[in-house]
Amino acid sequence: DAVVSLFGVLKEKSEYYELAVYSALFHIFSELYRLGQIENSFISKRTKHRSDVITELLKYVENNYKEQIALKQLSYISGLNEKYICRLFSEYTNRTPIDYINNLRIENACREMTVNRKTVTEAAFESGFNDLSYFSRTFKKYKGTTAKRFLNEKYK
């Protein structure tokens, strides 16, 4: 299922597909380790557990990024404290959980605007943003331009 999903993402190769590829690969490797298909004597039980936890959290975030996600929820899901979750996200994704979620949301908003031809407002709300001014600030932070300019550049 994960392999089929990975090939689907790679075949479609829509703009901003990289995060989906990373997630699918994390999921595939996690499953292979879990099923004992890959063995590495240098991988400790702790490292395997951490990998399983981050895979579970990334999968949860990808499936729910359009909803409000708090660190408290991630803590409840994983059974780990919030500080440790932040450290795990940083280690595996080079982002904080909030940064990771916002990046997913912005990439989805770009896809909604370019592929599905949604307006900026529709794309913002469709991607999990409830506040347009926060969306605008976040979009500019990640893309270096406003959503409107981004859209205009795409359709020149």
Q. Would E112 and E122 satisfy side chain to side chain contact (heavy atoms under 4.5 Å, CB included), going step by step from the backbone distance to the final call?
A. CA-CA 8 Å; E112 289 295 329; E122 289 170 332; over 6 Å; no
Q | Any S78 side-chain heavy atom under 4.5 Å of I85 side chain | A | yes
Q. Which heavy atom in K72 sits nearest to a heavy atom in E82, and how many Å separate them?
A. CA-OE2, 3.5 Å
(Q) Side chains of N102 and Y65, heavy atoms from C-beta outward: is any pair under 4.5 Å? (A) no
Q: State which residue, out of R117, K66, R105, fulfils the salt bridge (charged side-chain N to carboxylate O under 4.0 Å, His left out) condition with E126.
A: K66
Q) Any side-chain heavy atom of L80 sitting closer than 4.5 Å to one from L57? A) no
Q. Roughly how far, to the nearest 0.5 Å, is CG of L74 from CD1 of I54?
A. 9.0 Å
Q. Does any non-hydrogen side-chain atom of L58 lie less than 4.5 Å from one of Y100?
A. yes
Q) Do K143 and E107 meet the salt-bridge criterion of a basic N to acidic O distance under 4.0 Å? A) yes
**Q.** Point-to-point distance, once rounded to the nearest 0.5 Å, from CG of N103 to CD1 of I98
**A.** 13.0 Å
Q.
Using side-chain heavy atoms (C-beta onward) and a distance below 4.5 Å, is Q68 in contact with N130?
A. yes
Q | Side-chain touch F135/T121, heavy atoms, less than 4.5 angstrom | A | no
Q | Heavy-atom side-chain contact between N116 and R111 under 4.5 Å | A | no
**Q.** 4.5 Å side-chain heavy-atom contact, Y92 and S51
**A.** yes
Q | Any donor-acceptor pair under 3.5 Å from Y142 side chain to R137 backbone | A | no
Q: Specify whether F150 and F139 have parallel, tilted or perpendicular ring planes, treating 30° as the upper limit for parallel and 60° as the lower limit for perpendicular.
A: perpendicular
